[in-house]
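One structure is given here, and the rest of the page talks about it.
For the numbers below, each heavy atom of this structure counts, side chains included, while hydrogens, waters and symmetry mates do not.
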Amino acid sequence: MILLNVIPLNAVSIVSILIFAVTIFLVFRHPILRIPFTRRYVHVDYGLAPLLGACFLFLSQSIGIEAILRGILGTDSVKPYAIIIMILSLSYICVSLDFTGFFEYVSLRVARASKGSGKRLFVYLFLLTSFLTLFTDNDIVILTMTLIIFYISRNAGLDPIPFLISQFFAVNILGMALYIGNPTNIIAADAYGLSFKEFARWMLIPSFSAAAVCLLLLWLIFRRRVSREFRTREISPEHALKDRNGAIFGTTVLGLMILFMSLPLGIPLWMIALFFALIMFLFDLLTHRANISKIVTRMPWKIAPFLAGLFIIVEGLASTGWTDLFASLLSKITGNLMATVFGVCFLSWFATGFMNNHPMSIFFVKTFQSSAFTVSHTSRLGATLALISGANFGANFTLIGALAGIMWINILAAKGVTISFSQFSKYGLLVMPIVIIVTCLAFIAELTLWA
């Protein structure tokens, strides 16, 4: 009876939820399909699948032009086009900086600082990954650090699994600390109206608390697999720095961008990110770096159709009543601040593990915007903070929780390192529930004292 009162179970609503489910399935299966009546094949990857889903919604008359426009242009609180520009701008700066050899240089400096101690190396690599994640895109950190950790482990004769798992978990925990750490942060923060400075105010303490607990738990799990001492052939960090001037300029651009984002200038953050990305692009162009074509090639361009398509599909779910249904049910189980924070955090963490953090975040954001989500202002803020953490933490639950997980496992497979889905989830279940509890308690303490 609750379902019938909240959502009309008609053909349109059923089609919209089925297309959403099929789209998520295609994102992870990314099949190669034959085009009917031709000999041509098409690779339905994560960039194409959401666009196909949006097209089928339109062709089935489940959504109209208005829903498509809302899915791209957004509303006053969420503007998909701004989020896409922001992500691509940040990515360009980080990819350009990566090509200078800066990240590899810093990593080798850290490896040298461990002085042959496996325990020290374990902690240092966790802290370095956490630091880099704070100020750069988490996908770039995974791309860079994964290979560096693999080569350091191989040269030192160390078991790479403890270092790789700790690196991946660190990325997905500290990715929630700042507004720019993860695209899902931007989606949730923009929906609520959190500025860069406000985001950091609420998220830094819970993020650092979660990282400290995670490091402790991972060390307890892996302490017997990490060698006390190791020897490795000397590799000069200076040799990794391919473009010293580019590295200095790139870190300066990144630092200034973060500074300007934190100031109350009244300028949309996506404009600030785009401005500094253009400065970085002009520098690359004027200094005649031969890498500029490679930088453009490594850009995550498919994130644009991926997010645009998902926003349109979720707009279809909202217009057919599914987000109202979920909002009504969520309101019933989140009667107070503690129930809201714990409920949303665990629910979004679990949902991310099975439907990916991007579609989960968009769906939850639309749910929070529903008039059926009847909670207090403080609880609504608590739900947003819990959603941000759940979207990041979910990538440490299953390998399909984030696109970075699929990318990470493929990089390792190419190097002969095998981590099964069940093995990864075992570590996630051992570590993340305790991390979530600590994070939620930190949120509740902040909201009680400051809200």
Side-chain angles (χ1 to χ4, degrees), residues 16 19-28 30 44-58 63 67-92 94-95 137-140 175-176 179-192 268-271 273-274 277 298-319 323 348 351-352 355-369 384 387-388 390-392 394-395 400-407:
S16 63
I19 289 178
F20 178 73
V22 171
T23 298
I24 302 302
F25 174 78
L26 291 175
V27 165
F28 294 113
H30 49 84
V44 184
D45 58 10
Y46 79 93
L48 182 58
L51 287 184
L52 291 176
C55 289
F56 278 115
L57 273 179
F58 180 72
I63 59 172
I68 293 175
L69 291 176
R70 284 198 304 272
I72 298 174
L73 300 178
T75 59
D76 291 338
S77 56
V78 180
K79 293 181 172 60
Y81 72 89
I83 293 171
I84 292 169
I85 293 173
M86 166 83 76
I87 293 169
L88 292 177
S89 299
L90 290 171
S91 296
Y92 184 85
C94 293
V95 171
D137 179 79
N138 57 354
D139 289 345
I140 301 300
M176 74 173 188
Y179 177 88
I180 62 173
N182 195 321
T184 57
N185 298 355
I186 301 171
I187 293 171
D190 284 3
Y192 186 84
L269 296 183
W270 68 269
M271 289 187 179
L274 178 60
R298 260 188 61 183
M299 285 282 292
W301 297 112
K302 292 180 181 179
I303 198 73
F306 173 71
L307 287 180
L310 283 177
F311 271 112
I312 293 171
I313 292 172
V314 174
E315 189 65 40
L317 292 177
S319 64
T323 51
S348 58
T352 292
M355 63 184 289
N356 188 264
N357 54 3
H358 287 91
M360 185 284 300
S361 296
I362 297 170
F363 184 78
F364 268 69
V365 160
K366 282 292 183 182
T367 298
F368 294 166
Q369 292 176 334
T384 300
L387 170 61
I388 292 168
N392 283 272
I400 64 173
L403 294 174
I406 304 298
M407 178 176 62

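Nearest heavy-atom pair, Gly71 versus Glu315, reported as atom, atom and distance to 0.1 Å: N-CG, 4.4 Å. Taking both residues in full, the closest heavy atoms of Leu387 and Ala188 are given as CD2-CB, 4.2 Å, listed atom of the first, atom of the second, then distance. Closest heavy-atom contact between Ala54 and Gly309: CB-O, 4.3 Å. The two residues Met86 and Ala273 make their nearest non-hydrogen contact at SD-CB, 3.7 Å. Of all heavy-atom pairs between Leu73 and Pro80, the closest is C-CD, 3.8 Å. Heavy-atom minimum distance, Pro300 versus Leu88: O-CD2, 3.6 Å.
Here the straight-line distance linking atom NE2 of His30 with atom CZ of Phe25 works out to 10.5 Å at 0.5 Å rounding. Atom-to-atom distance recorded for Phe364:CZ and Thr367:OG1 is 6.5 Å, nearest 0.5 angstrom. Taking CD1 of Ile84 as the start and CD1 of Ile186 as the end, the distance is 11.0 Å to the nearest 0.5 Å. Remark: Asp190 CG to Leu269 CG distance equals 7.0 Å, nearest 0.5 Å. Here Ile400 contributes atom CD1 and Thr352 contributes atom OG1; the two are 10.5 Å apart, rounded to the nearest 0.5 Å. Note that CZ of Arg70 and CD1 of Ile312 are 11.0 Å apart. Values are rounded to the nearest 0.5 Å.
With sequence neighbours excluded, the residues satisfying side chain to side chain contact (heavy atoms under 4.5 Å, CB included) with Ala277 are Ser89, Ile93. Residues meeting the side chain to side chain contact (heavy atoms under 4.5 Å, CB included) test with Phe58, sequence neighbours left out: Ile63, Ile65, Ile68. Not counting sequence neighbours, Tyr179 has no partner by the ring-ring contact (aromatic ring centres under 6.0 Å, His included) test. Take Phe20 and apply the ring-ring contact (aromatic ring centres under 6.0 Å, His included) test, not counting sequence neighbours, and it matches no residue. Remark: Phe311 pairs with no residue by the ring-ring contact (aromatic ring centres under 6.0 Å, His included) rule, at least two apart or across chains. With sequence neighbours left out, Ala391 forms a side chain to side chain contact (heavy atoms under 4.5 Å, CB included) with Thr184, Asn357, Met360, Ser361. Applying the ring-ring contact (aromatic ring centres under 6.0 Å, His included) test to Phe368 and every residue at least two apart in sequence or in another chain returns Phe373.
Residues Ile87 and Leu307 have side chains in contact (heavy-atom distance under 4.5 Å, counting atoms from C-beta outward). Taking 4.5 Å as the limit, every side-chain heavy atom of Met176 sits out of range of all side-chain heavy atoms of Asn182. Within the 4.5 Å cutoff, the side chain of Leu57 has heavy atoms near those of the Ile313 side chain. Val314 places none of its side-chain heavy atoms less than 4.5 Å from the side chain of Pro359.
For Phe56, the CZ atom counts as loosely surrounded, since its 6.0 Å shell holds 12 or fewer non-hydrogen atoms of other residues, nucleotides or ligands.
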> Taking it one step at a time, do Asn356 and Ile24 satisfy side chain to side chain contact (heavy atoms under 4.5 Å, CB included)?
Replying inline: CA-CA 8 Å; Asn356 188 264; Ile24 302 302; 5.5 Å; no
> How far apart are the C-alpha atoms of Asn392 and Asn185, what are their side-chain angles, what is the distance that settles it, and do they pass the side chain to side chain contact (heavy atoms under 4.5 Å, CB included) test?
Replying inline: CA-CA 8 Å; Asn392 283 272; Asn185 298 355; 3.0 Å; yes
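The side chain to side chain donor-acceptor pair (under 3.5 Å) analysis of residues 299-311, with sequence neighbours excluded, yields the pairs Asp45-Lys302.
Of the candidates Tyr46, Phe306, Phe363, His358 forms a ring-ring contact (aromatic ring centres under 6.0 Å, His included) with just one, namely Phe306.
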